[in-house]
There are 2 protein chains.
Amino acid sequence: MSSPRERILERASILFHHQGYNSTGINQIISEANVAKASFYQHFKTKDDLCVTFLNRRHESWFNALSEFTSKSENAQEKILASFDFIMHMNEKENFRGCSFLNIMSEISKEQESILRVIQSHKNDLRVFFSQLIEDELLATHIYLLFESSIIESQLFESNEIVNKSKAIVKSII
Amino acid sequence: MSSPRERILERASILFHHQGYNSTGINQIISEANVAKASFYQHFKTKDDLCVTFLNRRHESWFNALSEFTSKSENAQEKILASFDFIMHMNEKENFRGCSFLNIMSEISKEQESILRVIQSHKNDLRVFFSQLIEDELLATHIYLLFESSIIESQLFESNEIVNKSKAIVKSII
DNA sequence: ATACATACATACAAGTCTGTCTATTTTTTT
DNA sequence: AAAAAAATAGACAGACTTGTATGTATGTAT
């Protein structure tokens, strides 16, 4: 069995993603992770601290998965289109729960700056990802915006239809 | 002084939009609206019921504001560009709180279907709004997607910069 | 063998939440 | 003016929240 800290993070990842941040309590996390409350607070100062750690880890794993998924494509154009396939792939895998980062953005207040910064930095990296594939800066932004709305809209309508439309649009502009 | 029901809705509108749905309790709403708790439950079956009513009213007022804002433009192209100005206008006015509908989507669970339906219907109407301005269906979707991500990204980075970039992109494709 | 770190269970504080209920007062309608 | 409807205050239930405190048990390193 993995360490308590690991078990907390594993459980929190699932619960935050499926139930939302505010709707998931510490008590549920520790009970499902089989960890004592005192142990929880030995590893994490506050719930927000856990959230930051969770987001940092998700940032890594998400980008790794994106890299891996798009690595099969040979040129930049193919990579961009594959990234939209990646959205569809993740939607199926995670039951259209959308983007953890954007979901949490909608849940937190302006005071929870440390969380907001992780989210901003994640999205910045995503913009960089597209910028590295496309010379034209405005076109990279264009793709980024379509990527973002593809996630949001497919979450809202629980369907990949709009992602496919978006992909068709992207194909026509690159 | 307006009726209790009206005062509840006025207060809830502000609080839901500024603090989020889950972070706003009934007690705060009624105390700030100067309404007794029993009166609240005379007008609204549950908190979710209040949420649905709030969203329906915001749907109306938001579209009225959009219509008014874009009514000055004479042709379809101008109207579309003006709708991006509308985002910026609302961002300034409401301190970059983003879209109430998308924010609440991120907060609710799959069980709260009645709320989800109002959100879906709101976004459907927005798609229709653009469809009526643009012959080409795929182009209308394209604009809609850029509109949506403009709201999200400006909320995240608390800046209208991305909306202006988005507007420039739109200008180049219509 | 002694010391240390880590994890354990669990009680507790102090507050939040939604929703129900009673009893009284005010307002509106007939 | 009398009857009906609406609104009031606020106690209450019961469950939830985050975070702290206390004391115990276990495993590892010196």
Side-chain angles (χ1 to χ4, degrees), chain A residues 1-55 100 103-104 106-116 118, chain B residues 1-55 100 103-104 106-116 118:
Chain A
M1 207 185 197
S2 48
S3 75
R5 187 170 195 276
E6 208 52 41
R7 297 204 303 277
I8 289 167
L9 280 163
E10 270 164 28
R11 234 22 238 162
S13 294
I14 294 164
L15 293 171
F16 286 168
H17 199 65
H18 280 78
Q19 306 180 348
Y21 179 58
N22 287 329
S23 301
T24 303
I26 300 283
N27 291 331
Q28 190 187 4
I29 295 170
I30 58 168
S31 114
E32 293 185 15
N34 284 104
V35 169
K37 191 173 269 196
S39 306
F40 174 90
Y41 282 101
Q42 216 138 26
H43 292 291
F44 303 99
K45 267 172 68 96
T46 61
K47 190 189 174 189
D48 276 13
D49 185 33
L50 169 65
C51 183
V52 166
T53 307
F54 154 66
L55 287 178
S100 271
N103 285 337
I104 289 176
S106 288
E107 289 206 64
I108 59 171
S109 73
K110 295 246 187 275
E111 282 81 54
Q112 293 162 290
E113 293 169 53
S114 55
I115 295 176
L116 185 63
V118 182
Chain B
M1 208 186 198
S2 48
S3 76
R5 188 170 194 275
E6 206 53 38
R7 298 203 303 276
I8 290 167
L9 280 163
E10 270 165 27
R11 241 12 246 166
S13 294
I14 293 165
L15 293 172
F16 286 168
H17 198 65
H18 281 78
Q19 307 181 348
Y21 179 58
N22 286 331
S23 301
T24 304
I26 299 283
N27 291 332
Q28 189 187 5
I29 295 170
I30 58 169
S31 110
E32 293 185 15
N34 283 105
V35 169
K37 193 174 265 196
S39 307
F40 174 90
Y41 282 99
Q42 215 138 26
H43 290 291
F44 302 100
K45 268 173 67 96
T46 61
K47 192 190 174 188
D48 275 13
D49 185 32
L50 169 64
C51 183
V52 167
T53 307
F54 154 66
L55 287 177
S100 273
N103 285 337
I104 289 176
S106 288
E107 289 206 64
I108 60 170
S109 74
K110 295 245 189 274
E111 281 80 54
Q112 293 161 291
E113 292 170 54
S114 55
I115 294 175
L116 186 64
V118 181

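Keep in mind that the numbers below use all heavy atoms, side chains included, and drop hydrogens, waters and symmetry copies. Numbers restart at 1 for each chain; the letters A, B, ... are given by sequence-line order, proteins then strands.
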Review point. Nearest to the side chain of A:A36, which nucleotide is it out of D:dT8, D:dG19, C:dA9?
Key: C:dA9

**Study point:** Atom pair distance, as rounded to whole Å: CD in B:Q112 and C1' in C:dT18
**Key:** 13 Å

Check your understanding: Strictly by modelled atom types, are B:Y41 and B:D49 linked by a side-chain donor-acceptor pair under 3.5 Å?
Key -> no

Exercise for review: Send over the distance from B:I8 CD1 to C:dT18 P, rounded to a whole Å.
Suggested key: 13 Å

**Study point:** Below 4.0 Å: OP1/OP2 of C:dA7 and any side-chain N or O of A:R7
**Key:** no

**Study point:** d(CG, B:N27; C1', D:dA13) in whole Å
**Key:** 14 Å

Check your understanding: Expressed in angstrom and rounded to an integer, what is the separation of A:L15 atom CG from D:dC16 atom P?
Key -> 15 Å

**Study point:** Residue closer to the 5' end of DNA chain D, A:Y21 versus A:A38 (nearest nucleotide)
**Key:** A:Y21

Revision key, fill the gap. Between A:Y21 and A:Q112, the two heavy atoms sitting closest are CE2-NE2, 4.2 Å

Exercise for review: Indicate yes or no: at least one non-hydrogen side-chain atom of A:L9 is less than 4.5 angstrom from one of A:R5.
Suggested key: yes

Point to revise | Close side-chain approach of B:I108 and B:N22, heavy atoms under 4.5 Å | key: no

**Study point:** Given D:dT8, C:dT18, C:dC8, the nucleotide with the shortest approach to the side chain of B:I26
**Key:** C:dT18

Point to revise | Nucleotide forming a Watson-Crick or wobble pair with C:dC4, both distances under 3.5 Å | key: D:dG27

Check your understanding: What integer distance in Å separates A:L50:CG from D:dT17:C1'?
Key -> 15 Å

Point to revise | Whole angstrom value for the distance that separates C1' of D:dT26 from CD of A:Q42 | key: 14 Å

Exercise for review: Select base, sugar-phosphate, or nothing to describe what A:T24 touches, counting heavy atoms under 4.0 Å on all strands.
Suggested key: sugar-phosphate

Point to revise | Phosphate OP1/OP2 of D:dA6 contacted by B:H43 side-chain N/O (<4.0 Å) | key: no

Review point. Is the side chain of B:R7 donor-acceptor paired with the backbone N or O of B:S2 at a distance under 3.5 Å, no angle test?
Key: yes

Exercise for review: Select from B:R5 and B:K37 the residue whose nearest nucleotide in DNA chain D is closer to the 5' end of that strand.
Suggested key: B:R5

Check your understanding: Tell me: CD1 of A:I30 to C1' of D:dG19, nearest whole Å?
Key -> 11 Å

Review point. Under a 3.5 Å cut-off for both distances, is D:dC16 Watson-Crick or wobble paired, and to whom?
Key: C:dG15

Review point. Just how far, in rounded Å, is P of D:dT17 from CD of A:E107?
Key: 14 Å

Point to revise | Side-chain N,O (A:S39) to OP1/OP2 (C:dT6) below 4.0 Å | key: no

